[in-house]
Protein chains: 2
Amino acid sequence: MVKILGMKRLHIDRPLTLIGMEDEVDRLVAAWRRERPDLDVEPLEVLSRVSRLARHLDRARRLAFSEHGLEPWEFDVLTSLRRAGAPYQLSPGQLLTQTLVTSGTMTNRIDRLAKKGLVERLPDPSDRRGVLVRLTPEGRDRADEALAGLLAQERAILAQLSQSQRGDLAGLLRQLTAPFDNIPG
Amino acid sequence: MVKILGMKRLHIDRPLTLIGMEDEVDRLVAAWRRERPDLDVEPLEVLSRVSRLARHLDRARRLAFSEHGLEPWEFDVLTSLRRAGAPYQLSPGQLLTQTLVTSGTMTNRIDRLAKKGLVERLPDPSDRRGVLVRLTPEGRDRADEALAGLLAQERAILAQLSQSQRGDLAGLLRQLTAPFDNIPG
DNA sequence: CAATTATATCTCGACGTCAAGATACTTGTG
DNA sequence: CACAAGTATCTTGACGTCGAGATATAATTG
């Protein structure tokens, strides 16, 4: 790599063959530096990796869940209810905020889960506009099984990192997500 | 927090009020530890944050791009071509692997971009099955503008971290993405 | 060189999501 | 208490994606 005196090149040359492997984002960043040497594309080093990794995780999860006959979106809803604790019920509105989807989507999801017998809709006794969505016993079991499978898969992916690296990574990511999660982003 | 002797509790108590803010995943993990104290949910600390952050980034990007009259998927395709360098052309197949979508989706995307005059389809002179997708001058300009906007936004998000933290984060993420990007995941 | 297999792209129908608006109920105000 | 504003959920239509299969061309093999 060419050294350019006086130019802000804050990233450090890494001997990739020793420390780790090159990834798609390294290639992407190199391409931008070639095509747009006037731009500082350092942000992509972090945020493009986040997006791409998320994409890969989606695919991997889809696979893991299919072994339990669940779609990712089904898992999201069922586990939100499961986490709520007995009696495993939340309003559609509470489910919205947890799953980051719109209300139309959630109505549709609840419909389909109810048809499969994994949740049931109950009238909210304290607000007649409202509804409560409750996990059925089968829904609860399916959620628990799928969670165990997911964790096994995720542990395998994270085996790339040491325990302390995982802690560091979680901490750094928290710093980035906290503004979104706390300020109504 | 309760201390449980003899139990593997590898995460470290952090004084959140001093070091940073709690995020949605902290709440999620706390809920699981309450509902399923038998499970080790540590993997979620990293990978759920990756997924949720990616989701937030999608939304933020959508906003940034809309100022330039582009959708995120349009940006993905246009910038893939832009990065390729002059004459800014790639086959649909090359675009597939860069954007992680299926061939049916890419056909559709190219159709729509061509209708907007941002790309054009040319026959591949060396393979009559093939097609080349080429950026138009306007397509190139739009890609460059949108990229500048995106980088500005991402820099703002990353201002949460110091320079060295950004470097650390990029490195840790690379270790996780490299297996997906190199082994045909 | 014919037959087979592989590759590149496109077509098409099903599906999930979103955004905007509709409906029904509740809360706050005077 | 009446009325306006707010809230919770559902409905609807447009849209983008996927996945399986179709078509056309290339590469391989005997």
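Chain naming here is simple, since letters A, B, ... match the order of the sequence lines and numbering starts at 1 in each.
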Just N and O in the side chain of Arg112(B): are any of them under 4.0 Å from OP1 or OP2 of dT17(D)?
yes
Starting the side chain at C-beta, find the nucleotide from dT9(D), dT17(D), dT25(D) nearest to Asn108(B).
dT17(D)
Charged N to carboxylate O under 4.0 angstrom, Glu120(B) versus Arg134(B)?
yes
What is the distance, to the nearest angstrom, from the CG atom on Leu96(B) to the C1' atom on dG16(D)?
15 Å
Leu122(B) CG to dA8(C) P: how many Å, rounded?
18 Å
Which residue, Leu100(A) or Asp127(A), contacts DNA chain C at a nucleotide closer to its 5' end, judged by nearest heavy atom?
Leu100(A)
Donor/acceptor link under 3.5 angstrom from Thr105(A) side chain onto base of dC18(C):
no
Taking CZ in Arg62(B) as the centre, count heavy atoms belonging to other residues, nucleotides or ligands within less than 6.0 Å. Is the count above 12?
no
Could you give me the CA-CA distance, side-chain angles and deciding distance for Arg112(A) and Glu74(A), then say whether side-chain contact (heavy atoms from CB on, under 4.5 Å) is met?
CA-CA 9 Å; Arg112(A) 285 174 284 157; Glu74(A) 294 179 298; over 6 Å; no
In whole Å, what is the span from the CG atom of Leu95(B) to the P atom of dT17(D)?
13 Å
Greater than 12 external heavy atoms within 6.0 Å of Arg121(A)'s CZ:
yes
5' precedence on DNA chain D between Trp73(B) and Arg121(A) (nearest-nucleotide basis):
Arg121(A)
Quick check on DNA chain D: between Ser103(A) and Ser126(B), whose nearest nucleotide comes earlier from the 5' end?
Ser103(A)
Expressed as a whole number of angstroms, how long is the span from Arg62(A):CZ to dG16(C):P?
10 Å
Heavy-atom pair with the smallest gap, counting every atom of Glu22(A) and Ala178(B)
O-CB, 4.1 Å
Mind calculating the distance between CZ (Arg55(A)) and C1' (dG16(D)) to the nearest angstrom?
12 Å
I want to verify a distance call: between dC10(C), dC25(C), dC18(C), whose nearest atom is closest to the Thr107(B) side chain?
dC10(C)
Would you indicate which nucleotide in dT9(D), dT9(C), dC25(C) comes nearest to any side-chain atom of Pro92(A)?
dT9(D)
Between P of dG16(C) and CG of Asp58(A), the distance in whole Å:
16 Å
I want to check one thing: is the phosphate of dT17(D), taken as OP1 and OP2, less than 4.0 Å away from some side-chain N or O of Arg109(B)?
yes
More 5' along DNA chain C: Arg129(A) or Gly104(A), using each one's nearest nucleotide?
Gly104(A)
Provide, to the nearest angstrom, the distance between the CG atom belonging to Asp111(B) and the P atom belonging to dC10(C).
7 Å
Calculate the interatomic distance between Leu132(A) atom CG and dC25(C) atom C1'; express it in whole Å.
15 Å
